[in-house]
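Here is the structure we will look at, set down as structure tokens.
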Amino acid sequence: MGLHVSLPQELENLVHQQVETGMYGSASELVREALRDFFDHRSSRELLDVKQLREEMQARRQRALNNPDRLHDVEIAFKELSGNHGLEA
């Protein structure tokens, strides 16, 4: 299966320049590597986002447990966290 993609002239020139250096055997090889790097970085970023969300939720949970008279605020905090991170409450 093939995929044909149009690039702006500036990017196309950069791709051809890199191929001409000999670092890549073809434009397709360069684009494949660039896409792999993009998706690897994206996956890493998503994992970092989840880690940060868990840490933030744990900190808020601990604050709520340390202040039992404020436990009714936990639902509000959860909704805020969900909204900030694009999750459904």
Side-chain angles (χ1 to χ4, degrees):
M1 178 171 90
L3 175 70
H4 299 278
V5 178
S6 296
L7 297 174
Q9 190 62 48
E10 186 176 316
L11 286 177
E12 186 176 338
N13 292 341
L14 290 171
V15 168
H16 289 300
Q17 287 173 6
Q18 288 299 307
V19 172
E20 288 172 9
T21 68
M23 292 213 30
Y24 299 94
S26 67
S28 293
E29 185 180 319
L30 182 144
V31 171
R32 281 192 296 271
E33 183 175 324
L35 286 172
R36 280 188 206 101
D37 288 347
F38 170 80
F39 287 111
D40 285 347
H41 176 73
R42 183 174 155 196
S43 295
S44 297
R45 181 67 194 147
E46 288 170 355
L47 289 174
L48 182 60
D49 288 345
V50 169
K51 181 181 179 219
Q52 289 172 338
L53 176 60
R54 285 185 178 149
E55 289 171 355
E56 187 175 344
M57 289 176 71
Q58 180 63 29
R60 286 185 181 220
R61 179 180 179 273
Q62 194 59 50
R63 284 195 304 272
L65 291 174
N66 290 341
N67 299 296
D69 50 324
R70 292 189 58 206
L71 281 177
H72 68 281
D73 293 339
V74 172
E75 185 173 333
I76 294 168
F78 181 76
K79 286 180 182 179
E80 287 174 8
L81 277 172
S82 298
N84 290 344
H85 294 280
L87 304 173
E88 291 183 24

Return the minimal non-hydrogen interatomic distance between M23 and E29, and the atom names on each side.
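Looks like O-OE2, 4.1 Å.
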
Minimum heavy-atom separation for V15 and A27, please, with both atom names.
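V15 and A27 have their closest heavy atoms at CG1-CB, 3.5 Å.
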
Name all residues meeting the side chain to side chain contact (heavy atoms under 4.5 Å, CB included) criterion together with [X]; count only those two or more places apart in sequence or in a different chain, and write none if there are none.
X	value
F39	L35, R42
S6	none
Q9	E12, N13

Looking at side-chain heavy atoms only, is the closest gap between V5 and V31 below 4.5 Å?
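Heavy-atom side-chain distance check fails, nothing below 4.5 Å.
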
Residues that E55 engages under salt bridge (charged side-chain N to carboxylate O under 4.0 Å, His left out), provided they are two or more places apart
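Once residues adjacent in sequence are excluded, the partners of E55 under the salt bridge (charged side-chain N to carboxylate O under 4.0 Å, His left out) criterion are K51.
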
Applying side-chain hydrogen bond (donor to acceptor under 3.5 Å, both in side chains), name anything that partners E20, two or more places apart in sequence or on another chain.
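Listed in chain order: nothing, the list is empty.
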
side-chain hydrogen bond (donor to acceptor under 3.5 Å, both in side chains) with Q18: which residues, sequence neighbours excluded?
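side-chain hydrogen bond (donor to acceptor under 3.5 Å, both in side chains) list for Q18, sorted by chain: empty.
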
Rounded at 0.5 Å granularity, tell me how far CD in Q62 sits from CG in N66.
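Separation between the atoms: 4.5 Å.
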
Measuring from atom CD of Q58 to atom CG of L53, what distance do you get when rounded to the nearest 0.5 angstrom?
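Rounded to the nearest 0.5 Å, the CD-CG separation comes to 11.5 Å.
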
